[in-house]
Amino acid sequence: MITLPTLLFVTAGTALALAWRRAAGAARDQARQLALARNEVQALRHELEVSRAKLAALAHSESQLQHIVSLLPVALFQKDPDSRIIMMNQACEQIFGVDFAKLSGTQGSEHYPAGQMESFLAADRAAFASGQLHVEEEWVWHAGRQEDRRVQTYKRPVYDSDGKPALLIGMCIDVTDRMRADLALQETLRQLRQLSDHRETTREEEHRRLARYAHDALGQNLMALKLDADMLHARTARHHPRLHSQAGGALTTLEASIHAVRTLINELHPSTLELGLPAAVDWLLKQMERNGGIHSQLHLLHNAEHETLPPRETWAVFRMIQVALANIAANAHATRVDVTLDLGPDVVLVVVGDNGIGLTPTSEPNREQNGEPFGMLALRERVSAFGGVIVASNMPGKGTTLTIRLPGMQKREAAASRFPESCHA
């Protein structure tokens with residue numbers, strides 16, 4: 001029989017054993033959790049070290065990138081969505097004429113004229129609105145040089161994940177010197193063309209003077225000698241056969257000389273030029289048909305300027321057509337040539353077309369390296385000197401059409417008095 005003390009002792013022992021087991025299990029669980037926590041802490045420390053290393057590497061890369069950007073010879077800048085400048089390199093500072101420290105976080109309104117600021121902000125808005133690369137040339141006031149500089153800017157917008165403007169990346173190039181060089185080159189070219197035109201006009205006037213002299217002096221003297229020789233030839237027919245024969249030979253020589261003088265006069269300055277451009281061109285086409293057997297025809301569309309076209313323009317257009325016809329006669333192997341004249345008040349249009357083989361790169365021996373005939377090069381320069389354009393439509397085997405478009409007399413006078421626009425200062 002189990003006594004009460006014994007039962008109490010057994011019960012207490014069992015309770016103690018259960019408590020010990022529970023405590024031991026709890027201790028094991030705590031040790032296990034502690035080990036897991038330690039592992040997690042170590043993992044977090046490792047991740048933290050890796051993150052710190054990445055941040056350090058990123059900061060180092062950003063520092064290197066900023067250093068590289070600052071040393072780039074190309075001007076770079078960045079703006080926020082409100083057009084405030086948040087980054088500029090040294091090259092950009094040189095172009096803008098203001099240090100980044102003064103422009104940082106501002107739009108720059110304190111350093112640039114109001115008109116230029118409106119242009120800058122409008123260009124930024126246009127870049128954000130387009131979503132593409134925006135290119136524009138702008139005037140930028142340079143405080144150091146005390147002048148406006150012409151700057152070509154390239155702006156590319158960047159957007160956030162919601163599609164809202166986040167950043168504007170820009171690059172700019174100072175094109176002032178290039179623009180001034182282009183203007184100087186254009187002015188030099190204009191002066192050279194004026195000089196060439198003056199030379200051609202002076203030569204035409206000299207040819208005209210020589211033609212008049214040959215006609216008035218040499219031509220009349222030869223005509224007088226021809227009349228005397230003709231009279232001598234007629235009176236010696238019966239009684240002086242030998243003298244008659246010699247007079248006939250002299251008469252033949254004089255007729256050939258008169259023909260040579262007339263040819264020389266027409267080469268120097270055709271007398272038909274005094275009758276106007278249509279008459280001179282018609283005479284030129286008849287000469288071409290007579291000498292080369294090429295059927296030629298003149299088409300006159302409009303002749304409002306016929307009575308008022310100055311001699312200088314008449315001579316110039318005549319020589320242009322003469323050069324075009326000479327190229328056709330020498331190289332095109334054409335059987336027909338059509339010349340169309342439209343002498344309107346606003347435009348002078350000349351169209352020369354043939355049915356020949358068309359001009360090929362080897363059809364004319366006297367060519368420049370680029371394959372264009374020297375005659376065509378001279379013709380282009382002559383047309384350009386008058387502010388016109390020339391277009392050649394070439395179809396091998398079907399002929400060539402040459403179109404010369406010149407401004408009317410009023411436009412030519414306005415262009416002659418216009419001075420090229422100088423660089424903005």
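Heads up: numbering here begins at 1 and tracks the sequence. In this text, all values refer to a predicted model and were calculated from it rather than measured experimentally.
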Within the 4.5 Å heavy-atom criterion, are [X] and [Y] side-chain neighbours or not?
X      : Y      : answer
Leu402 : Ile390 : yes
Asn355 : Val337 : no
Leu273 : Trp283 : no
Ile321 : Val350 : yes

Discussion item. Glu137 vs Val175, test: side chain to side chain contact (heavy atoms under 4.5 Å, CB included). Steps then yes/no.
Written reply: CA-CA 9 Å; Glu137 285 194 4; Val175 297; 4.3 Å; yes
Side-chain donor or acceptor of [X] paired with backbone N/O of [Y] under 3.5 Å:
X      : Y      : value
Thr176 : Arg150 : yes
Ser245 : Arg242 : no
Asn89  : Cys92  : yes
Thr153 : Glu136 : yes
Asn266 : Arg262 : yes
Asp346 : Pro407 : no
Thr106 : Leu103 : yes
Tyr112 : Phe96  : yes
His142 : Gly144 : yes
Glu138 : Val151 : no

Mark yes when over 12 heavy atoms from residues, nucleotides or ligands other than [X] sit less than 6.0 Å from its [atom1]; otherwise mark no.
X      : atom1 : value
His198 : NE2   : no
Tyr213 : OH    : no
Glu110 : CD    : no
His46  : NE2   : no

Item to complete: Show your working on side chain to side chain contact (heavy atoms under 4.5 Å, CB included) between Arg193 and Arg190 and close with a plain yes or no.
Response: CA-CA 5 Å; Arg193 284 175 173 170; Arg190 186 186 70 86; 5.8 Å; no
Worksheet entry | Point-to-point distance, once rounded to the nearest 0.5 Å, from CG of Asp282 to CG of Leu298 | 5.5 Å
Where [X] and [Y] come nearest, the two heavy atoms and their spacing:
X      : Y      : result
Leu268 : Arg319 : O-NH2, 2.9 Å
Val158 : Phe128 : O-CE2, 4.4 Å
Met320 : Val383 : SD-CG2, 3.8 Å
Asn394 : Gly399 : OD1-O, 3.8 Å
Leu168 : Ala127 : CD1-CB, 3.9 Å
Ala166 : Asp160 : CB-N, 3.9 Å

Quick test of your reading of the model: are [X] and [Y] salt-bridged, counting only N-O distances below 4.0 Å?
X      : Y      : answer
Asp82  : Arg84  : yes
Arg405 : Asp342 : no
Asp354 : Arg336 : no
Glu147 : Arg180 : yes
Lys286 : Glu289 : no

Worksheet item: side chain to side chain contact (heavy atoms under 4.5 Å, CB included) between Lys226 and Ile258: does it pass, once the steps are laid out?
Response: CA-CA 9 Å; Lys226 180 179 179 297; Ile258 292 173; 3.5 Å; yes
Worksheet item: Any side-chain donor paired with an acceptor under 3.5 Å for Arg290 and Gln287?
Response: yes
Worksheet item: Any luck finding a side-chain donor-acceptor pair between Gln94 and Asp174 under 3.5 Å?
Response: no
Practice prompt. Run the numbers on Leu121 and Gln107 for side chain to side chain contact (heavy atoms under 4.5 Å, CB included), then give the verdict.
Written response: CA-CA 9 Å; Leu121 298 178; Gln107 294 179 341; 4.0 Å; yes
Item to complete: List the steps, then state whether salt bridge (charged side-chain N to carboxylate O under 4.0 Å, His left out) holds for Asp177 with Arg149.
Response: CA-CA 9 Å; Asp177 295 336; Arg149 306 285 293 180; 3.6 Å; yes
Worksheet item: For the side chain to side chain contact (heavy atoms under 4.5 Å, CB included) test, which of Glu205, Arg212, Glu204 pairs with His269?
Response: Glu204
Worksheet entry | Passing option when Glu206 is tested against Arg209, Arg208, Arg203 for side chain to side chain donor-acceptor pair (under 3.5 Å) | Arg209
Discussion item. In terms of relative ring orientation, are His244 and His233 parallel, tilted or perpendicular, with 30° and 60° separating the classes?
Written reply: parallel
Item to complete: Taking the six-membered ring for Trp and the single ring otherwise, decide whether the centroids of Phe77 and Phe100 are under 6.0 Å apart.
Response: no
